[in-house]
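In what follows, a single structure is set out as structure tokens and then discussed.
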2 protein chains.
Amino acid sequence: MARKLSTLDPQRLDNQICFAVYSAAHAFNRVYKPLLDRLGLTYPQYLVMLVLWERDDVPLKDIGEKLFLDSGTLTPLLKRLEAAHLVKRTRSSEDERQVLIALTPQGHALKDKARSVPQSILAASDCSVPELVAMKDEIVALRDRLNAVIGE
Amino acid sequence: MARKLSTLDPQRLDNQICFAVYSAAHAFNRVYKPLLDRLGLTYPQYLVMLVLWERDDVPLKDIGEKLFLDSGTLTPLLKRLEAAHLVKRTRSSEDERQVLIALTPQGHALKDKARSVPQSILAASDCSVPELVAMKDEIVALRDRLNAVIGE
DNA sequence: TCACATTTAATTGTTCGCAATTGAATGTCG
DNA sequence: CGACATTCAATTGCGAACAATTAAATGTGA
């Protein structure tokens, strides 16, 4: 009886999906760490590079919208990527407010070296691709509902 | 054809479950923010309080194991909770290496004020409880598989 | 055109999160 | 008992993450 109550108690840590998500994010980060160390990237830096590998010469703002990050996070991060010679930051000539982020040749080249990363993550997940895709879609849907509430 | 390839490309941002988890964690944090502000807590501080509301007078190490955090994160966090008069930190007399964390009366009292938080999160999730429980269990299982790889 | 609002990036300050190190307390084994 | 390893918390340094503010560029409407 006491057990049954505790498995329903919404104030219990283990009953909270947010803690599941929070702790899973950290677990992913720990798995990524050794893989990304070899590329000289942190996980958020890797996300920015993924965006740029899809489309180059992007305004900082667009990167922020894709990754749900603001300039307070991205400005120093991009300065570090620039210091590592992976990107170049230039003011747009049409709109001087915008900063355009472009890959350097080294930044482009890193895409190849990073090609094996998703494979390693998949292996660590120890889960079938269709299962992972289904989970991903559910989590994205949840995230989008949460973000919709924030805007309200 | 190009579209089909891109939806299978493992190096695409939108195909990565880790980014789904990462961005969902941030979305949760943004929903929690205004709720926890009223309690004077950050989200990680709230997690520590959840642990203590379940069992009081816990070694720092045990809190770390439950939350997957180390002393580098917890020591300053707990000092801030102590400065807010929510917990007390004392060295164990049996084992002087351990620091025991105990709730103050204010720390206990905060549990009641926090009772409505899970309800608000549930509403923001806009999802049935059984669905959320199923997702939570899947995510926890994934997290545990990832953590198992780290240990190896 | 000119006052005003909006957009955008940068900056500042606080809190996480973790790797690496330090130092003290405890355990272990010869 | 005594050398040695282990455990545990604290510390240091770095990189996010975000709120709040600042400043410059652009847009808008009288």
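Predicted, not measured: the structure shown is a model, and the values here were computed from it. For the numbers below, each heavy atom of this structure counts, side chains included, while hydrogens, waters and symmetry mates do not.
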Requested in this report: Measure from CZ on Arg80(A) to C1' on dC14(D) and round the result to the nearest Å.
Outcome: 8 Å

Report summary line: Rounded to whole Å, CG of Leu78(A) lies from C1' of dA16(D) at a distance of 13 Å

Query raised in the report: What does Ser71(B) touch in the nucleic acid at a heavy-atom separation under 4.0 angstrom: a base, only the sugar-phosphate, or nothing?
Result: base

Query raised in the report: Rounded to the nearest 0.5 Å, how far does NZ of Lys88(A) lie from CG of Leu103(A)?
Result: 11.0 Å

Query raised in the report: Is there a side-chain contact between Gln16(B) and Ile121(A) (heavy atoms, below 4.5 Å)?
Result: no

Requested in this report: Over 60° means perpendicular and under 30° means parallel, so classify the ring planes of Tyr46(B) and Trp53(B), tilted if in between.
Outcome: perpendicular

Query raised in the report: Going by heavy atoms closer than 4.0 Å, what residues in residues 81-95 of chain B are next to DNA chain C?
Result: Glu94(B), Asp95(B)

Query - Side-chain ion pair, Asp62(B) and Lys66(B), N-O less than 4.0 Å - result: no

**Report entry** Heavy-atom donor-acceptor pair, Thr73(A) side-chain to dA16(D) base, under 3.5 Å
**Finding:** no

Requested in this report: Would you mind reporting whether Leu67(B) and Tyr22(A) have side-chain heavy atoms less than 4.5 Å apart?
Outcome: no

**Report entry** Given dT7(D), dA19(C), dA16(D), the nucleotide with the shortest approach to the side chain of Thr42(A)
**Finding:** dA16(D)

Query raised in the report: Quick one: which of dC18(C), dA9(C), dC18(D) gets closest to the side chain of Leu69(A)?
Result: dC18(D)

Report summary line: Testing dA9(C), dT7(D), dA25(D) for proximity to the side chain of Arg97(B), the answer is dT7(D)

Query raised in the report: Do Glu82(A) and Thr104(A) come close enough that some side-chain heavy atom pair is under 4.5 Å?
Result: no

Report task. Among the candidates dG17(C), dT7(D), dA10(C), find the nucleotide nearest to the side-chain atoms of His26(A). Result -> dG17(C)

Report task. Check whether any side-chain nitrogen or oxygen of Tyr22(B) sits under 4.0 Å from OP1 or OP2 of dA17(D), and answer yes or no. Result -> yes

Query raised in the report: Would a 4.5 Å heavy-atom cut-off, applied to side chains only, mark Gln45(B) and Leu39(B) as touching?
Result: no

Requested in this report: Name the nucleic acid region contacted by Leu74(B), choosing base, sugar-phosphate or nothing; use a 4.0 angstrom heavy-atom cut-off, strictly under.
Outcome: nothing

Query raised in the report: Does a side-chain heavy-atom distance below 4.5 Å link Ile63(B) with Leu52(B)?
Result: yes

Query raised in the report: Considering only side-chain heavy atoms of Glu96(B), which listed nucleotide, dC16(C), dT26(C), dA19(D), is closest?
Result: dT26(C)

Query raised in the report: What integer distance in Å separates Asn29(A):CG from dC16(C):C1'?
Result: 12 Å

Report task. Tell me which residues in residues 44-63 of chain A put a heavy atom below 4.0 Å from DNA chain C, sorted by number, or none. Result -> Leu60(A), Lys61(A)

Query - Set of salt bridge (charged side-chain N to carboxylate O under 4.0 Å, His left out) partners for Arg97(A), sequence neighbours left out - result: Asp95(A)

Query raised in the report: Looking only at side-chain N and O atoms, does Lys79(A) come under 4.0 Å of OP1 or OP2 in dT11(C)?
Result: yes

